[in-house]
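Each remark here refers to the structure printed beneath this line.
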Amino acid sequence: MNILELPDRERALRDDVRLVGRVLGDTVRQQQGEAVYATVERIRQISIAFRREGDAAARRELEAMLDSLSHDRTIEVVRAFSYFSHLANIAEDQHQIRRMRAQQDEGPALRGTIHNTLASLKTAGVPRATLQALFDTILVSPVLTAHPTEVRRKSVLDREMEIAQLLADRDRMPLTPTEAAATDSALSRAILTLWQTSLLRRGRPTVVDEVSNGLSYYDHTFFREVPALYADLEDGLAASDPAWSNTELPSFIRMGSWIGGDRDGNPFVNADVLRQAIEMQSKRVLDFYLDDLHLLGAELSLNRARISVSSQLEELVGRNPGDS
């Protein structure tokens with residue numbers, strides 16, 4: 001069976017953490033100098049010794065070393081460990097994805113999956129009419145909210161997503177030496193850019209900043225994953241009962257957001273801000289679908305002599321002739 005055993009899974013996480021830590025260390029040495037790198041590295045080594053072994057001597061050395069740091073050197077050390085914490089969190093997120101993928105390789109009946117849930121419903125003899133009534137009436141509404149301490153910049157979020165994708169690419173496919181070198185270079189550039197970017201905003205974020213930050217998550221998650229969830233559920237229902245074939249489920253997942261709309265809790269949210277938040281949300285989803293539509297148009301270079309076109313599509317083209 002082509003899966004990772006548990007020790008190998010943990011080793012993969014350790015390897016990723018070491019990789020991003022090594023690249024960050026090289027970045028600190030290059031950007032801040034050998035002295036700063038040596039200080040950070042020594043603090044790291046002493047901290048590990050104290051944490052793992054409860055070494056009293058290591059604790060005394062750590063306290064003395066931290067107390068002796070100048071203000072500027074303290075800031076540099078704090079920055080280094082803050083960035084490492086962010087990178088380690090990215091590696092841990094990728095590790096959780098790795099574990100879930102490995103568990104799915106072990107069998108489709110993993111608890112909590114759509115396949116397992118549908119199989120349980122079938123075993124329990126739940127009729128199709130009951131399920132259809134459920135889909136017709138339920139509402140699932142995940143709600144995004146802005147936390148007062150969430151002041152990370154979108155540029156930081158973008159670099160974190162880039163680093164996560166690079167780690168995922170390394171994990172999911174065998175790379176040639178040339179590809180591995182290119183990936184290493186891309187990872188080094190991404191971490192260097194992250195290091196040269198402030199983690200925190202210089203000024204207090206506005207409500208519009210919070211709306212923009214919240215919408216950035218849609219590009220990487222909800223716009224693609226929610227339709228994929230519907231598709232998986234419809235395919236699973238059809239596989240368990242042919243009566244579900246060609247059935248389109250109602251839209252029971254509705255995303256919600258308090259960001260830009262919590263007029264009872266945020267004094268900076270007024271009618272103009274609420275209107276701007278709604279316009280930004282509307283534009284984001286329309287732009288997403290328009291971009292996908294243009295990509296689809298470029299991909300589907302079909303010959304009308306070889307395919308049939310529905311009357312609905314003909315009517316749509318007639319109303320919006322464009323370059324058709």
Side-chain angles (χ1 to χ4, degrees), residues 20 24 27-28 31 72 74-94 96-97 140-168 186-187 189-227 253-292 294:
V20 296
L24 177 62
T27 302
V28 172
Q31 296 293 303
D72 290 343
T74 299
I75 296 298
E76 291 168 339
V77 169
V78 169
R79 283 193 74 226
F81 281 99
S82 295
Y83 280 93
F84 177 74
S85 177
H86 279 272
L87 293 171
N89 286 337
I90 294 172
E92 289 176 0
D93 288 343
Q94 291 304 306
Q96 292 302 319
I97 295 172
V140 179
S141 184
V143 177
L144 300 183
T145 182
H147 195 279
T149 59
E150 179 53 77
V151 291
R152 284 189 300 169
R153 302 167 62 190
K154 183 179 182 300
S155 54
V156 172
L157 297 176
D158 290 341
R159 294 290 72 71
E160 290 177 348
M161 292 299 300
E162 180 183 2
I163 293 168
Q165 186 58 55
L166 288 168
L167 291 179
L187 185 62
R189 286 195 300 272
I191 291 179
L192 173 60
T193 304
L194 188 63
W195 175 261
Q196 293 176 337
T197 303
S198 175
L199 284 175
L200 305 180
R201 297 177 184 272
R202 295 294 183 183
R204 182 185 181 92
T206 66
V207 176
V208 173
D209 290 331
E210 294 174 346
V211 174
S212 181
N213 262 19
L215 288 176
S216 67
Y217 289 97
Y218 279 79
D219 299 331
H220 306 294
T221 54
F222 305 115
F223 282 152
R224 299 194 184 279
E225 296 306 320
V226 171
I253 301 176
R254 306 287 180 86
M255 291 303 304
S257 176
W258 286 350
I259 309 174
D262 52 340
R263 297 183 65 178
D264 60 340
N266 189 333
F268 298 101
V269 176
N270 53 33
D272 289 337
V273 169
L274 177 60
R275 186 178 299 107
Q276 187 172 358
I278 294 173
E279 289 174 352
M280 291 171 66
Q281 292 170 353
S282 302
K283 184 176 186 303
R284 195 59 157 257
V285 68
L286 289 175
D287 285 347
F288 173 81
Y289 283 117
L290 283 174
D291 289 344
D292 262 19
H294 288 309

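Quick note: residue numbers are just sequence positions, from 1.
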Open item on the list: To check you understand the geometry: which heavy-atom pair defines the closest contact between Arg159 and Ala190, and what is its length?
Closed with: CD-O, 4.2 Å
Task: Distance-minimising heavy-atom pair for Leu144 and Gly214 - done: CD1-O, 4.1 Å
Open item on the list: Rounded at 0.5 Å granularity, tell me how far OG in Ser212 sits from CD in Gln276.
Closed with: 10.0 Å
Task: Between CG on residue Leu274 and CD1 on residue Ile278, distance to nearest 0.5 Å - done: 4.0 Å
- [ ] With side chain to side chain contact (heavy atoms under 4.5 Å, CB included) as the test, would you mind laying out the steps for Thr221 and Val226 before giving the verdict?
- [x] CA-CA 8 Å; Thr221 54; Val226 171; over 6 Å; no
TODO: Would you give the length of the straight line joining atom CD of Glu210 to atom OG1 of Thr145, rounded to the nearest 0.5 angstrom?
DONE: 8.5 Å
Open item on the list: According to salt bridge (Lys or Arg N to Asp or Glu O under 4.0 Å), does anything in residues 74-93 pair up with another residue at least two apart or in another chain? List the pairs.
Closed with: Arg73-Glu76
Task: Any Val273 side-chain heavy atom under 4.5 Å of Phe268 side chain - done: no
Open item on the list: So which atom in Thr197 and which in Thr193 form the shortest heavy-atom distance, rounded to 0.1 Å?
Closed with: OG1-O, 2.7 Å
TODO: Output yes when a side-chain donor or acceptor of Ser85 lies under 3.5 Å from a complementary backbone atom of Phe81, and no otherwise.
DONE: no
Task: OH on Tyr217 to CG on Asp219, rounded to 0.5 Å - done: 12.0 Å
Task: Residue from Asp209, Val211, Asn213 passing side chain to side chain contact (heavy atoms under 4.5 Å, CB included) with Ile259 - done: Val211
Task: N/O donor-acceptor pair under 3.5 Å between Ser141 side chain and Met255 backbone - done: no
Task: Spacing of CD belonging to Glu162 relative to CZ belonging to Arg189, to within rounding of 0.5 Å - done: 8.0 Å
Open item on the list: For Met161 and Ile90: C-alpha separation, side-chain torsions, deciding distance, then whether side chain to side chain contact (heavy atoms under 4.5 Å, CB included) applies.
Closed with: CA-CA 9 Å; Met161 292 299 300; Ile90 294 172; over 6 Å; no
Task: Contacts of type salt bridge (charged side-chain N to carboxylate O under 4.0 Å, His left out), residue Arg224, not counting sequence neighbours - done: Asp292
Task: Side-chain touch Met280/Val208, heavy atoms, less than 4.5 angstrom - done: yes
- [ ] Would you give the length of the straight line joining atom CH2 of Trp195 to atom OH of Tyr83, rounded to the nearest 0.5 angstrom?
- [x] 7.0 Å
Task: Considering all heavy atoms, the nearest Ile253-Pro142 contact - done: CG2-CD, 4.4 Å
- [ ] State which residues pass salt bridge (charged side-chain N to carboxylate O under 4.0 Å, His left out) with Asp262; sequence neighbours excluded, sorted by chain then number.
- [x] none
- [ ] May I have the step-by-step check of side chain to side chain contact (heavy atoms under 4.5 Å, CB included) for Gln281 and Leu215, ending in yes or no?
- [x] CA-CA 7 Å; Gln281 292 170 353; Leu215 288 176; 3.8 Å; yes
- [ ] Look only at the side chain of Tyr218 and the backbone of Val285, and say whether a donor-acceptor pair between them is shorter than 3.5 Å.
- [x] no
Task: Test log, rule side chain to side chain contact (heavy atoms under 4.5 Å, CB included), inputs Leu192 and Gln31 - done: CA-CA 9 Å; Leu192 173 60; Gln31 296 293 303; 3.5 Å; yes
- [ ] Answer yes or no: is there a side-chain heavy-atom contact under 4.5 Å between Leu24 and Leu87?
- [x] yes
